[in-house]
Undergrad: 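Quick one: structure below, then a few questions.
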Amino acid sequence: MIAMARIEAAAELVALLADEGVQHLFINPGTDTAPVQEALSAARSAGAPHPRAVLCIHEHVALSAAIGHHFASGRPQAVMVHVDAGTLNLGGSIHNAQRNRVPVVVFAGRAPYTTAADVRGHRDSAIHWQQEQLDQAGVLRPFGKWHMEVPRGRELAPIVRRALQVVQSDPRGPAYVMLPREALMEPGAGELPARLRAPVPAGPNPAALRELAAILADARQPVIVAGRSGAHLPSVAALVRIAELLGAPVVDQRDRVNFPAEHPLWAMGGGDGTLRRADAVLLLDVEVPWVPAVAAPPGDARILQIDVDCAKVTMPLWSFPVELALTADTRAALPELEEALCALATPARRRAWEERRREVEAELVDARVGWGRRAASHEPADAADAALAALDRSLPDDAIVIEEAVTNRPAVQRQVRRPPGRYFGHGSPALGFAMGGALGVKLARPEAPVVAVCGDGAFNFGVPTAAFFSAHRTGAPFVAVILNNRSYHASKRPVLNLYPDGAAAAAQDFPETELTPEFDYALLARACGGDGRAVETPGDVEEAVRWALGVAAGGQCAVVDVRLPPP
Ligand SMILES: Cc1ncc(C[n+]2csc(CCOP(=O)(O)OP(=O)(O)O)c2C)c(N)n1
Ligand SMILES: [Mg+2]
């Protein structure tokens with residue numbers, strides 16, 4: 001219990017968020033949030049604990065920043081938006097919060113209930129009738145875990161505690177709390193209830209873990225597919241030890257750095273045949289193990305899984321043939337798996353594992369030679385690889401990369417090397433994460449240079465004007481490297497793939513995906529208080545990125561507009 005003078009519920013909300021370790025409140029205000037604005041101001045002038053308010057002039061940026069902040073800090077997050085309209089503007093970012101399992105509470109105002117002028121917070125504008133919807137929470141329902149409205153001021157504290165518990169319990173994800181204005185202005189609980197700790201993450205069932213280890217130990221071609229296990233940094237080292245012990249290649253889906261790219265067992269995306277040869281596949285925190293039509297393991301391969309959410313019920317058609325699914329947090333399971341494998345490591349098995357390791361490593365090294373050639377090539381088809389290799393050379397050790405490179409994602413994976421904890425992939429389908437994401441990462445790790453690498457389409461989806469605004473206002477400048485092919489390549493490619501002899505291909509007619517006339521992204525950055533440069537050849541990227549990092553170190557966002565050949 002935190003004893004407080006009997007104060008307005010809105011003030012308790014501010015105190016609770018601070019107590020829960022929420023560092024920033026990403027907010028876009030309206031008539032509904034006035035009590036919270038007042039409470040934040042009172043806390044600021046009293047020097048009382050409070051999250052720092054970050055004004056976001058588009059809600060999509062607010063929630064994207066919360067996602068980025070969580071990636072970089074591991075902390076729970078809070079966003080506050082204006083009634084139904086602000087909720088709708090969260091747009092695809094709410095989907096991204098769901099798919100990335102981000103523990104974020106989205107607070108939204110709710111139209112006041114009462115018209116009586118003697119009730120504090122009552123309706124005082126025509127807009128209060130219009131903004132009320134039959135089912136405001138319905139907007140969030142498909143993406144959120146839980147939602148609730150605060151009916152009275154004194155219920156706010158237990159509901160906020162509960163919301164933060166829900167978002168931080170496995171599988172984590174967003175929750176939605178609606179705050180009518182009268183409730184915010186009523187007296188609060190008086191004594192704040194204690195924090196509701198999230199349930200302790202599941203550890204692996206010992207017998208099932210032994211079974212899983214035994215299958216791996218006797219596999220001829222085991223392959224490990226890692227999705228997000230690297231979000232916990234010690235898990236990267238644990239995975240390295242397991243892969244080395246077994247001599248198993250690691251397919252890293254690169255939503256995080258799950259496995260060091262420098263390691264000879266790193267098999268990147270597995271498209272080189274690694275998966276097709278597997279007779280056992282271990283999935284670690286993987287959302288989508290493979291795309292059957294692209295590169296799948298053989299039908300008789302034994303599929304094993306470790307994840308806090310094995311069944312993935314929020315994805316309707318998740319029917320990968322998992323033989324043994326172990327519900328467990330990989331943080332706890334990987335060290336135990338290592339132990340279980342060591343217990344099975346007879347001299348004969350060790351010899352077989354070591355021999356396999358030598359073979360697999362030799363094969364994977366060949367693939368790298370090819371990537372190196374592309375990085376050094378002057379062919380237009382390799383321009384993205386060359387530009388990204390140059391970007392990689394220009395990054396200081398402590399730089400953090402946010403990737404939303406779409407069709408150039410494989411090129412980023414081939415060429416950009418980051419240490420664990422310094423790379424965050426978009427990892428979900430709704431575009432527009434990188435700009436707000438970079439803002440959130442920079443707020444969480446102000447000491448690190450932050451570089452967003454994104455497609456030109458992704459850049460625009462990210463409402464860059466709003467992201468630059470908040471970055472400059474809060475002193476969180478970042479660099480945006482735009483892989484500018486003047487195209488939605490990802491939306492053009494399927495036309496060619498599905499209709500190779502079709503009308504569009506014959507006439508080379510793709511007006512739906514051409515991002516022309518061209519933007520002047522450098523000028524756009526300058527209009528927002530930042531700076532920018534366009535580079536026409538990969539050879540100029542290195543110098544331009546170094547310049548941009550200097551601009552960001554001086555407090556301004558900087559854009560590097562990398563002109564790539566249109567696809
Ligand atoms: C919010 C949202 N709208 C639309 C799409 C569909 N979409 C997927 S990729 C893409 C084009 C991305 O263009 P760009 O960022 O320039 O990358 P490129 O395809 O050129 O590599 C679009 C429109 C999406 N994923 N998310
Ligand atoms: Mg593009």
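All ligand and atom numbering here is 1-based and tracks the order in the structure. Because the structure is a prediction, the values reported are computed rather than measured.
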Undergrad: Tell me the nearest of Thr513, Asn460, Leu431 to atom 12 (C) of ligand 1, using heavy-atom distances.
TA: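 Nearest option to atom 12 (C) of ligand 1, by heavy atoms: Leu431.
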Undergrad: Nearest to the Mg ion (ligand 2), which N, O or S atom of Asp456 do we find?
TA: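 It is OD1 of Asp456.
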Undergrad: Below 4.0 angstrom from a heavy atom of His489, which ligand 1 atoms are there? Numbered from 1 as shown, please.
TA: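 Near His489, meaning under 4.0 Å from one of its heavy atoms, ligand 1 has 18 (P), 19 (O), 20 (O).
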Undergrad: Are any non-hydrogen side-chain atoms of Phe71 and Asn100 less than 4.5 angstrom apart?
TA: yes
Undergrad: Please list, in number order, the atoms of ligand 1 under 4.0 Å from a heavy atom of Ala458.
TA: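 Close to Ala458: 14 (P), 15 (O).
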Undergrad: In terms of ring plane angle, is the pair Trp318 and Phe320 parallel, tilted or perpendicular, where the classes change at 30° and 60°?
TA: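 Perpendicular: the ring planes of Trp318 and Phe320 meet at over 60°.
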Undergrad: Please write down residue, atom name and distance for the protein heavy atom closest to atom 16 (O) of ligand 1.
TA: Asp456 OD1, 2.5 Å
Undergrad: What I want to find out is whether Arg141 reaches Asp135 closely enough, with some N-O distance under 4.0 Å, to be called a salt bridge.
TA: yes
Undergrad: Could you identify the single nearest non-hydrogen protein atom to atom 23 (C) of ligand 1 and state the distance to 0.1 Å?
TA: Ser491 OG, 3.6 Å
Undergrad: Take atom 2 (C) of ligand 1 and look for protein heavy atoms under 4.0 Å from it; say yes if you find one, no if not.
TA: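 When distances to the protein are checked, atom 2 (C) of ligand 1 has a heavy atom within 4.0 Å.
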Undergrad: May I ask you to identify the nearest protein heavy atom to atom 9 (S) of ligand 1, giving residue, atom name and distance to one decimal place in Å?
TA: Ala490 CB, 3.4 Å
Undergrad: Please verify the inter-ring angle class for Phe461 with Tyr488; under 30° counts as parallel, over 60° as perpendicular, anything in between as tilted.
TA: parallel
Undergrad: If only side-chain N and O atoms count, and only distance matters, is there a donor-acceptor pair under 3.5 Å linking His70 with Gln77?
TA: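 Their side chains do not contain a donor-acceptor pair, so the 3.5 Å distance test is not met.
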Undergrad: Distance under 6.0 Å and angle within 45° of the ring axis: does Lys442 meet both against Phe478?
TA: no
Undergrad: Heavy atom under 4.0 Å from ligand 1: found in Phe461's side chain, backbone, both, or neither?
TA: side chain
Undergrad: Run the contact test for Pro429 against ligand 1 with a 4.0 Å cut-off on heavy atoms, strictly below, and give the result.
TA: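 Pro429: in contact with ligand 1 (<4.0 Å).
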Undergrad: Quick test: of every protein heavy atom, which one is nearest to atom 14 (P) of ligand 1, and how far off is it to 0.1 Å?
TA: Gly457 N, 3.4 Å
Undergrad: Would Gln133 and Asp84 count as having a side-chain donor-acceptor pair, cut-off 3.5 Å?
TA: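 There is such a pair (donor and acceptor under 3.5 Å, judged by atom type) between the side chains of Gln133 and Asp84.
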Undergrad: Once rounded to 10°, what is the value of the angle centred on the Mg ion (ligand 2) between Asn485 OD1 and Ser487 O?
TA: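 Computed angle, vertex at the Mg ion (ligand 2), rounded to 10 degrees: 90°.
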Undergrad: Starting from atom 17 (O) of ligand 1, what is the nearest protein heavy atom, named by residue and atom, and what distance separates them?
TA: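 The answer is Val406 CB, 3.4 Å.
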Undergrad: In a check of side-chain contact (heavy atoms from CB on, under 4.5 Å) between Val562 and each of Val535, Ile482, Val453, Asn408, which one passes?
TA: Val535
Undergrad: Give a yes/no verdict on whether any heavy atom in Gly432 is under 4.0 Å from an atom of ligand 1.
TA: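 In this structure, Gly432 fails to qualify as a contact of ligand 1 - no heavy atom is under 4.0 Å.
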Undergrad: For residues Ser428 and Asn96, is any side-chain donor paired with an opposing acceptor at under 3.5 Å?
TA: yes
Undergrad: Under the 6.0 Å and 45° cation-pi test, does Arg473 pair with Phe468?
TA: no
Undergrad: Considering the heavy atoms of Thr407, write down every atom of ligand 1 situated less than 4.0 Å from one of them.
TA: 18 (P), 19 (O), 21 (O)
Undergrad: How far is atom 11 (C) of ligand 1 from its nearest protein heavy atom, and which residue and atom name does that atom have?
TA: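 So the nearest neighbour among protein heavy atoms is Tyr488 CD2, 3.5 Å.
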